[in-house]
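Some notes on the structure that comes next.
Nothing here was measured: the structure is a model prediction, and the numbers come from that model. Every number for a ligand or one of its atoms is a count from 1 in the order of the listing.
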Amino acid sequence: MTNFKVGIIGAGPSGLAMLRAFESEQKKGNPIPEVKCYEKQEDWGGMWNYTWRTGVGKYGEPIHGSMYKYLWSNGPKECLEFADYTFTEHFGQAISSYPPREVLFDYIQGRIKKSNARDFIQFNTVARWADYLEDKQQFRVVFDNLVENETFEEYFDYLVVGTGHFSTPNMPYFEGIDEFPGTVMHAHDFRGADQFINQKLLLVGSSYSAEDIGVQCYKHGSKSITISYRSAPIGVKWPDGIVEKPLITHFEGNKAFFSDGTSEEFDAVIMCTGYQHKFPFLPDELRLKTKNCLYPGNLYKGVVYNENERLIYLGMQDQYYTFNMFDTQAWFARDYMLGRIPLPNKEERDVDIQKWIDNEAKTASGEDHVDFQTDYIKDLIQFTDYPPFDLDKVATMFKSWLHDKEVNILNYRDQVYTSVMDGTQAAPHHTPWMDEMDDSLERYLNEEAPVSEEV
Ligand code: FAD
Ligand code: NA7
């Protein structure tokens, strides 16, 4: 064992990628540091560990999960596949390109269950506060064991923050909304379309959450969906029953007024207005401060905090790539901590970071964003032995996905793609997505399975 200690906060896909990176090193017979991971929920998987709860959990902590029922992958699974553990290896058969939540959770767990990672994770444990002790060159982290209601502290030479950033709502105010008589919620608290059947729904925002919650509620029987945008509409061809309007100016009772002069009555409002990067356990000098973007400032290679080289952030970018991006980041972080990747001085790092930020500023379209994140991963992957894969082909799939959505937002999930990891051609799902109301793993893998009663 090397002579240092690593603390990982969060056992979502990012934290699990970090554990997996160390495990793969250990399997090669190489020494690894002492690693400990702390997770505030009672299980791993982060967002993919669905909870019915909203508000606070059973120990009074803010609920992390923003995941909802009937969520099917919002991009082709071939774009997020782990390079060292394919979908075919996990399921033993070809499956469709857009599996539902439970299926993706099963896949994430499949890889990590093959290791002894669980032994390194302390669940029901929340990081409360961290500081860096210059004299010891260590982080002191204060945790609460939620089950025992006990506080304790640990010291680490490196701290890895994998706490996600789609959990703390960005909740804007609109004049008169305080008097709106129906449900007003943020997407973070949305748990499925059921409660909005036969309702006239107003969604605010024009990104993934608005698009997906809107289409789900349409599919499950809302009366109408209106999506109100601030900067630009989503702009796909919507079916009758979904419309886009410019921003709300104010509410009067249950009536919303829009900046194009129109107004309409609604039963419910869902703010799909994004999330805040929030690190309540980190002091000012360690805290990443950024909006949701592809290259947050102050992170060298998107990973190493530039103000303190021993602090690592994983998964803080806006995401086209997900699981395999977290992997490439974790492999980079591992090799950096193991001393294999030398760190340039701070000024050189600043120049590198600024180069990426300037390039992101030049991007305009979804395709540009895909190219940007593809280049980012290409840059990272060359530093490590993470299995290389054809990133240009993945970028092409992402662009087809963007195109498929524009052509038909209701059936893009019926398209199939080919894995760049093992060449498996996805199998079309047995039922078109619009007709498939049951998102259970059982039904997904077996058309004959009884349809779940909650639908
Ligand atoms: P998270 O999954 O958020 O995990 C962070 C973990 O840190 C959590 O387990 C949390 O409990 C823990 N934690 C937080 N604070 C503390 C603390 N103080 N102490 C201890 N533990 C803590 N991606 C896709 O690829 N496809 C999709 O279809 C898709 N759909 C999505 C739908 C929704 C509604 C949302 C919100 C996200 C979606 N994503 C999707 C993106 C998703 O964020 C990533 O797939 C992935 O979950 C990010 O992993 P993460 O580990 O970085 O963060
Ligand atoms: P995003 O992608 O960060 O998008 C946030 C959206 O909210 C975006 O369209 C913003 O408009 C809009 N927004 C933010 N503030 C406001 C206000 N004040 N008024 C109106 N509109 C506003 O978040 P999502 O939740 O869609 O997606 C995050 C993840 O969750 C994603 O990975 C999915 O997989 C699920 P803007 O364009 O900035 O004007």
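With hydrogens left out, the protein atom closest to atom 38 (C) of ligand 1 is Met67 CE, 4.5 Å, a heavy atom. If you check which protein heavy atom lies closest to atom 53 (O) of ligand 1, you get Gly164 CA, 3.3 Å. Among all non-hydrogen protein atoms, the one lying nearest atom 15 (N) of ligand 1 is Thr163 CG2, 3.5 Å. Atom 32 (C) of ligand 1 has Leu71 CD1, 3.5 Å as its closest protein atom, hydrogens excluded (heavy atom only). Ranking protein heavy atoms by distance to atom 49 (O) of ligand 1, first place goes to Pro13 CD, 3.3 Å. Of the protein's non-hydrogen atoms, the one nearest atom 44 (C) of ligand 1 is Gln319 OE1, 3.6 Å. Closest to atom 3 (O) of ligand 1, if we only count protein heavy atoms, is His64 NE2, 2.6 Å. Of the protein's non-hydrogen atoms, the one nearest atom 27 (C) of ligand 1 is Asn74 OD1, 3.3 Å.
Annotation: ligand 2 has protein neighbours Asn74, Phe166, Asn170, Pro172, Phe174, Val204, Gly205, Ser206, Ser207, Tyr208, Ser209, Arg230, Ser231, Leu247, Cys272, Thr273, Gly274, Tyr275, Asn292, each with a heavy atom less than 4.0 angstrom from the ligand.
Within ligand 1, counting atoms from 1 as listed, the ones closer than 4.0 Å to a heavy atom of Phe281 are 18 (N). Atoms of ligand 1 lying under 4.0 Å from any heavy atom of Leu80, numbered from 1 in the order shown and given with element: 25 (O). The distance from ligand 1 to the heavy atoms of Ile9 drops below 4.0 Å at these ligand atoms: 17 (C), 19 (N), 20 (C). Within ligand 1, the atoms closer than 4.0 Å to a non-hydrogen atom of Tyr68 are 34 (C), numbered from 1 in the order shown. Each of the following atoms of ligand 1 lies closer than 4.0 Å to a heavy atom of Gln41: 8 (C), 9 (O), 10 (C), 11 (O).
Contact analysis leaves Gly75 out of contact with ligand 1, as no non-hydrogen atom separation drops below 4.0 angstrom. Distances from ligand 1 to the non-hydrogen atoms of Phe279 include no value under 4.0 Å. Ligand 1 lies nowhere less than 4.0 angstrom from a heavy atom belonging to Phe143. At a 4.0 Å cut-off, not a single heavy atom of Asn49 sits close enough to ligand 1 to count as contact. Under the 4.0 angstrom criterion for non-hydrogen atoms, Ser167 is not in contact with ligand 1.
The distance between the ring centers of Phe139 and Phe156 does not fall below 6.0 angstrom. Checked against the 6.0 Å centroid threshold, His220 and Phe196 do not count as a close aromatic pair. Ring to ring, Phe180 and Phe266 are not that close: their centroids are 6.0 angstrom or more apart. Ring to ring, Trp356 and Phe372 are close: their centroids are under 6.0 angstrom apart.
In this structure, Phe398 and Tyr320 have perpendicular ring planes: the angle between them is above 60°, well past the 30° mark.
Close N/O approach between Lys40 and ligand 1 is found [any backbone or side-chain N/O within under 3.5 Å]. For ligand 1, the polar-atom distance check against Ala11 finds no nitrogen or oxygen pair separated by under 3.5 Å. Considering both main-chain and side-chain atoms, Gly15 never comes within under 3.5 Å of ligand 1 through any nitrogen or oxygen pair. Annotation: Ser14 places an N or O atom under 3.5 Å from an N or O atom of ligand 1; distance criterion only. Considering backbone and side-chain atoms together, Glu39 places an N or O closer than 3.5 Å to an N or O of ligand 1.
At a threshold of 4.5 Å between non-hydrogen side-chain atoms, the residues Pro246 and Tyr229 count as touching. Counting heavy atoms from C-beta outward, Arg413 and His429 have side chains that stay 4.5 Å or more apart. Taking the side chain as every heavy atom from C-beta outward, Met437 and Lys219 approach each other to under 4.5 Å. Here the side chains of Phe82 and Glu89 are not in contact, with every heavy-atom distance at 4.5 Å or above. Looking at Trp44 and Glu39, their side chains never come closer than 4.5 Å, going by heavy atoms from C-beta outward.
The salt bridge (Lys or Arg N to Asp or Glu O under 4.0 Å) check on Arg140 picks up Asp131, Glu153, with sequence neighbours excluded. By the side-chain contact (heavy atoms from CB on, under 4.5 Å) test, Thr290 pairs with His277, Leu288, Cys293, Pro296, sequence neighbours left out. With sequence neighbours excluded, the residues that form a side-chain contact (heavy atoms from CB on, under 4.5 Å) with Gln319 are His165, Phe166, Thr322, Met325, Phe326.
Annotation for Lys245: atom NZ counts as buried by contact number, over 12 foreign heavy atoms lying within 6.0 Å. More than 12 heavy-atom neighbours from other residues, nucleotides or ligands sit within 6.0 angstrom of CD on Glu154. With a 6.0 Å radius and a threshold of 12 heavy atoms from other residues, nucleotides or ligands, Lys114 has its NZ atom at or below the threshold.
Closest to atom 45 (O) of ligand 1 by heavy atom, among Phe166, Tyr38, Trp48, is Trp48. Closest heavy-atom approach to atom 17 (C) of ligand 1 among the candidates Ala127, Gly12, Ser209: Ala127. For atom 25 (O) of ligand 1, the nearest non-hydrogen atom from the set Thr51, Val126, Thr322, Leu104 comes from Thr322.
A side-chain donor from one of Thr374 and Tyr321 sits under 3.5 Å from a side-chain acceptor of the other.
For the pair Lys301 and Phe332, the cation does not sit on the ring face, since its NZ or CZ is not both under 6.0 Å from the ring centre and inside 45° of the axis.
Using a cutoff of 4.0 Å between basic side-chain nitrogens and carboxylate oxygens, Lys362 and Asp371 are not scored as salt-bridged.
Counting heavy atoms closer than 4.0 Å to ligand 1, residue Phe323 contributes side-chain atoms (C-beta onward) but none from N, CA, C or O.
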